[in-house]
Undergrad: 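Take a look at this one; I'll ask things after.
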Amino acid sequence: MGEIRSKFLEVYSVLKAELLHDPAFEFTDDSRQWVERMLDYNVPGGKLNRGLSVIDSYKLLKEGKELTDDEVFLACALGWCIEWLQAYFLVLDDIMDNSVTRRGQPCWFRQPKVGLIATNDGIILRNHIPRILKKHFREKPYYVDLLDLFNEVEFQTASGQMIDLITTLEGEKDLSKYSLPLHRRIVQYKTAYYSFYLPVACALLMAGENLENHINVKDILIEMGIYFQVQDDYLDCFGAPEVIGKVGTDIEDFKCSWLVVKALERSTEEQKKLLYEVYGKADEACVAKVKELYKVLDLQGVFAEYERESYEKLVKFIESHPSKAVQAVLKSFLAKIYKRLK
């Protein structure tokens with residue numbers, strides 16, 4: 001895995017150099033330095049799971065056949081397109097949420113001299129994706145399908161973000177709006193398509209597959225993405241900050257978290273009244289009361305049961321797929337997230 005990761009990072013340097021000398025724009029020294037600094041700050045800093053998943057998935061689809069250097073490069077390039085997409089979402093998301101840190105460092109817009117220029121940087125990140133695709137995939141039979149895939153997933157993600165944002169509008173905090181179907185819809189569109197479906201769809205297109213023939217693969221990956229986000233919601237409250245790398249703030253932020261939805265389902269009128277009073281307040285005592293209620297309602301036990309059921313259901317779905325290679329891709333995704341602690 002270390003070897004693939006270092007190859008992946010090498011490809012980042014190649015793509016970055018190409019973008020910094022894109023003939024469609026006449027760079028000055030200042031503008032080139034700005035874009036390079038912006039890319040290095042925002043694109044390669046995360047866990048890179050989404051990007052690396054393209055290579056993993058493509059290898060499994062090739063069923064053990066040795067990949068050519070060209071295939072490895074192209075799979076890496078598609079992986080980086082997803083990381084570029086992620087960077088674009090995060091740069092703008094941090095501005096919308098007025099966040100302070102991201103990946104253990106100050107958000108890009110909080111850097112000296114950056115501020116709201118970060119909005120335009122987000123747009124540049126978004127526009128780099130078709131530049132990379134045009135340069136390296138234009139002659140491929142699946143080029144149009146790739147463009148279509150990235151456009152569709154971006155639309156779904158932005159729409160999911162919109163539902164999330166309008167649900168948590170300042171001054172309109174209303175817990176009665178929160179339900180399991182709303183939580184599912186936000187997660188499906190905001191996270192599952194780009195984090196789970198997109199890497200596998202890229203690998204399938206590279207392997208010469210028609211995505212129309214793999215609707216069931218999409219359905220399984222969306223279910224996996226929802227399970228992943230429920231884990232995230234759970235870890236935000238019950239995970240150890242030194243393990244997950246951040247202090248959870250879903251309670252203070254009035255998030256439509258799986259935990260609060262489950263708490264509302266299980267609460268007595270009295271407990272519900274308490275939740276309505278203290279949820280979404282940036283006050284330590286209020287947060288402690290919410291966490292205490294979660295414990296009283298045994299949400300840890302409820303989550304453990306949900307995790308077991310989800311895993312069994314996903315394994316059953318995966319094993320009903322006719323292709324052993326596709327099964328291997330889906331099982332490798334599931335193995336990475338089952339019972340994760342961060």
Side-chain angles (χ1 to χ4, degrees), residues 43 46-58 61 75 78-93 96-97 122 125-130 132-133 142 144-167 180-207 209-233 255-258 310 313-314 317-318 321 326 329-330 332-334 336-337 340:
V43 179
K47 297 190 281 287
L48 308 180
N49 287 342
R50 293 169 182 82
L52 290 165
S53 295
V54 179
I55 310 152
D56 283 353
S57 301
Y58 185 65
L61 289 172
L78 285 182
W80 279 115
C81 284
I82 301 176
E83 293 296 334
W84 245 268
L85 187 69
Q86 158 92 331
Y88 150 61
F89 290 146
L90 298 185
V91 164
L92 295 183
D93 195 41
M96 290 178 241
D97 291 348
L125 286 164
R126 162 66 185 97
N127 279 279
H128 279 168
I129 299 164
I132 295 170
L133 294 176
Y142 52 88
V144 172
D145 294 320
L146 272 179
L147 290 174
D148 195 38
L149 173 67
F150 273 90
N151 285 336
E152 186 156 304
V153 168
E154 184 196 355
F155 168 67
Q156 288 164 322
T157 309
S159 302
Q161 170 76 338
M162 180 254 315
I163 309 171
D164 195 15
L165 291 167
I166 64 175
T167 307
L180 225 43
L182 174 70
H183 178 268
R184 185 187 169 87
R185 179 172 291 158
I186 291 171
V187 172
Q188 176 178 345
Y189 288 102
K190 186 180 169 180
T191 304
Y193 280 105
Y194 93 93
S195 299
F196 283 80
Y197 174 59
L198 184 56
V200 176
C202 284
L204 285 166
L205 287 175
M206 255 191 85
E209 294 287 334
N210 181 340
L211 295 181
E212 293 296 312
N213 302 336
H214 290 284
I215 301 300
N216 54 347
V217 172
K218 183 194 279 188
D219 294 342
I220 292 167
L221 287 160
I222 296 309
E223 285 304 321
M224 230 183 270
I226 290 163
Y227 160 57
F228 177 85
Q229 185 59 48
V230 171
Q231 286 177 314
D232 233 37
D233 291 356
K255 284 289 179 196
C256 181
S257 156
W258 183 83
S310 296
K313 194 167 87 177
L314 284 164
F317 275 162
I318 292 168
H321 195 281
V326 172
V329 170
L330 297 170
S332 103
F333 256 78
L334 187 54
K336 282 178 199 157
I337 62 171
R340 69 192 175 97

Undergrad: Might you point out which heavy atoms bring N49 and E83 nearest each other, and give the distance in Å?
TA: N-OE2, 4.0 Å
Undergrad: Does W84 reach the side chain of V43, with side-chain heavy atoms less than 4.5 Å apart?
TA: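 Sidechains of V43 and W84: in contact.
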Undergrad: Looking only at heavy atoms, what is the nearest atom pair of C256 and L182, with distance?
TA: SG-CD2, 3.9 Å
Undergrad: To the nearest 0.5 Å, what is the distance between CG on L204 and CG on D145?
TA: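 If I round to the nearest 0.5 Å, the distance is 11.5 Å.
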Undergrad: Y227 and E223: side-chain donor and acceptor closer than 3.5 Å?
TA: no
Undergrad: Ignoring hydrogens and angles, write down the donor-acceptor pairs under 3.5 Å from the side chains of residues 209-219, residues two or more places apart or on other chains.
TA:
residue, atom, partner, partner atom, Å
E209, OE1, H214, NE2, 2.9
N210, OD1, E212, N, 2.8

Undergrad: What is the distance from atom CD of E152 to atom OH of Y197, rounded to the nearest 0.5 Å?
TA: 7.5 Å
Undergrad: Using 0.5 Å steps for rounding, measure from the CZ atom of F150 to the SG atom of C202.
TA: 4.0 Å
Undergrad: Mind checking side chain to side chain donor-acceptor pair (under 3.5 Å) for T157 and listing every partner two or more places apart, or none if nothing turns up?
TA: none
Undergrad: Would you say that more than 12 heavy atoms from the other residues, nucleotides or ligands in this model lie under 6.0 Å from the CZ of R185, or not?
TA: no
Undergrad: Among D164, L165, L92, which one satisfies side chain to side chain contact (heavy atoms under 4.5 Å, CB included) with D97?
TA: L165
Undergrad: Drop me the distance from D233's CG to F228's CZ, to the nearest 0.5 angstrom.
TA: 10.5 Å
Undergrad: Would L78 and L133 count as a side-chain contact (heavy atoms from CB on, under 4.5 Å) if you check the C-alpha gap in whole Å, the side-chain angles of each, and the deciding distance to 0.1 Å?
TA: CA-CA 8 Å; L78 285 182; L133 294 176; 3.7 Å; yes
Undergrad: Do you know which two heavy atoms are closest between I226 and A192, and how far apart they sit?
TA: N-CB, 4.5 Å
Undergrad: Using the test side chain to side chain donor-acceptor pair (under 3.5 Å), find all partners of K313 that sit at least two apart in sequence or belong to another chain.
TA: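 With sequence neighbours excluded, K313 shows a side chain to side chain donor-acceptor pair (under 3.5 Å) to no residue whatsoever.
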Undergrad: Please check: side-chain N/O of N151 versus main-chain N/O of L147, any donor-acceptor pairing under 3.5 Å?
TA: yes
Undergrad: Provide the closest heavy-atom pair for M224 versus L330 in the form atom of the first, atom of the second, distance.
TA: CE-O, 3.6 Å
Undergrad: Name all residues meeting the ring pair (Phe, Tyr, Trp, His ring centres under 6.0 Å) criterion together with F317; count only those two or more places apart in sequence or in a different chain, and write none if there are none.
TA: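 Checked F317 against ring pair (Phe, Tyr, Trp, His ring centres under 6.0 Å); zero matches.
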Undergrad: Looking at K336 and D56, does any basic side-chain N land under 4.0 Å from a carboxylate oxygen?
TA: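 A salt bridge links K336 with D56.
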Undergrad: So L85 and Y88, do their side chains get closer than 4.5 Å, heavy atoms only?
TA: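 Result yes, sub-4.5 Å side-chain heavy-atom pair found.
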Undergrad: Roughly how far, to the nearest 0.5 Å, is CG of L146 from CD1 of I132?
TA: 12.0 Å
Undergrad: Which atom names give the shortest non-hydrogen contact between F333 and S57, and what distance separates them?
TA: CE1-OG, 3.7 Å
Undergrad: The criterion is ring pair (Phe, Tyr, Trp, His ring centres under 6.0 Å); which residues satisfy it with Y189, sequence neighbours excluded?
TA: Y193
Undergrad: Quick one: pull up OG in S310 and CD1 in I337 and give me the separation to the nearest 0.5 Å.
TA: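 Here the rounded value is 9.5 Å.
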Undergrad: With a 4.5 Å heavy-atom cut-off, do V54 and L198 have their side chains touching?
TA: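 V54 does not reach L198 side chain to side chain.
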Undergrad: Who passes ring pair (Phe, Tyr, Trp, His ring centres under 6.0 Å) against Y142, sequence neighbours left out?
TA: none
Undergrad: Would a distance-only check, ignoring hydrogens and angles, find a side-chain to backbone donor-acceptor pair under 3.5 Å from Q229 to V187?
TA: no
